[in-house]
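Here is how names work: the chains are called A, B, and so on, in the same order as the sequence lines, proteins then strands, and each is numbered from 1.
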There are 2 protein chains.
Amino acid sequence: MSTDDPLKLENFLCFAIHSTAHAIQRANKPLLDQLGLTYPQYLVMVVLWAEDDQTVSAIGDRLFLESSTLTPLLKRLQAAGLIERARDAEDERQVRIRLTEQGRALHNKARTLPGWFEHTFCDQSQEAKDLHEAVVRLRNKLTAKSRGD
Amino acid sequence: MSTDDPLKLENFLCFAIHSTAHAIQRANKPLLDQLGLTYPQYLVMVVLWAEDDQTVSAIGDRLFLESSTLTPLLKRLQAAGLIERARDAEDERQVRIRLTEQGRALHNKARTLPGWFEHTFCDQSQEAKDLHEAVVRLRNKLTAKSRGD
DNA sequence: CTATATTGTATCGCACGCGATTAAATCGTT
DNA sequence: AACGATTTAATCGCGTGCGATACAATATAG
């Protein structure tokens, strides 16, 4: 029949990455449940733990997300008491996102997650490093094209 | 400050894959718009082009998706006239998904997409192959763990 | 042959994710 | 100072994605 068809799922690099991303979310979920965070919420917290007091668009630049995604997500983090949202006094267009005491406190509980993930699924660190670099190279190509290169 | 913090986004393999998956969807979107399909809808069609007349759960197994995701998606494909949904006469629990004439006709228009993607973003085929294999290996580890290994 | 367990879809509620649009604040030019 | 252009968030509508649950059909047990 069509077994020679190039249009086969197993041949799609894009599907491999797509499905692996979902598998990662599923694998991380039990850990994140303990923190009371979803995976995208966790990523926002990681950005803020690295550098507090950022604007919505700065967070979006780091996570490749739009304001239409971030605004509702940030409101949920605010409702959970982990961050504060406040208009910048200098430039009232911007909204500055700051960690609350509770948000900072979560940092310690969250430290173990990346280590757990890599230890559990990426034993051979060299392969993981190569994979990481190759994925980032691909992402750079993709974002470069879409930005009109 | 916390520049030595291991909890840095750039060090997360999982974030690299996550964000690259989104970048892929964005890159593919213009092509998919021409087909009138979203990316997940396209994946379902690929599965059906490879083998017509499959159950919902069989499609889910191939794409790593649940019925709660597939049922509404399949209804949209049905509304678009690309597939038919019909209870199996032998086992009325199952719903068999079959391509319509129009759904089969879309196959030809869709053939160019994977080639375009790989040609545009994965010039060095060896690197792409290595990346593909490494990603699939990681996904296998992830799904194996979650299935109680 | 009936009671119970299992299976296959569907439904519901919630949380992304984005394109398109809106609204307010700021910037630039005159 | 005043007007139009740009920037920044927020809003809206739509389509995933999943866990929990519901329900009907089938399989199994007794």
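- Between atom CZ of residue A/Arg98 and atom CG of residue A/Asp52 there is a gap of 8.0 Å, rounded to the nearest 0.5 Å.
- When rounded to the nearest whole Å, the span between CD of B/Gln94 and P of D/dA24 equals 18 Å.
- Across the protein-nucleic acid pair, B/Asp61 atom CG and C/dT7 atom P stand 13 Å apart, rounded to whole Å.
- Atom CD1 in A/Ile97 sits about 12 Å away from atom C1' in D/dA10, given to the nearest Å.
- Put simply, CG on A/Asp33 is 13 Å from C1' on C/dC14, counting in whole angstrom units.
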Counting primed atoms plus P, OP1 and OP2 as sugar-phosphate and everything else as base, spell out the protein contacts along nucleotides 16-26 of chain C at 4.0 Å heavy-atom distance: B, S or - for each nucleotide, 5' to 3'. SBBBB----BS

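- Counting only residues at least two apart or in different chains, side chain to side chain donor-acceptor pair (under 3.5 Å) contacts with residues 64-74 of chain A are absent.
- Distance, B/Asn28 CG to D/dT16 P: 15 Å, rounded to whole Å.
- Note on B/Arg96: nothing from the nucleic acid sits closer than 4.0 angstrom, heavy atoms only.
- Rounded to an integer number of Å, the gap from B/Leu74 CG to C/dA10 C1' is 12 Å.
- The aromatic rings of A/Trp49 and A/Tyr42 sit perpendicular, their planes meeting at an angle over 60°, well past the 30° parallel limit.
- Here the two rings, on B/Tyr39 and A/His18, have centers that are under 6.0 Å apart.
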Derivation of the side chain to side chain contact (heavy atoms under 4.5 Å, CB included) call for A/Val46 and B/Phe15: CA-CA 11 Å; A/Val46 168; B/Phe15 173 67; over 6 Å; no

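- One interatomic measurement links the two molecules: CG of B/Leu37 to C1' of D/dG15, which rounds to 13 Å at whole-angstrom precision.
- At whole-Å resolution of the value, CD1 in A/Ile24 and P in D/dG17 are 15 Å apart.
- B/Arg87 has no side-chain polar atom (N or O) that falls below the 4.0 Å cut-off from OP1 or OP2 of D/dA24.
- For A/Glu10, the CD atom counts as densely surrounded, since its 6.0 Å shell holds more than 12 non-hydrogen atoms of other residues, nucleotides or ligands.
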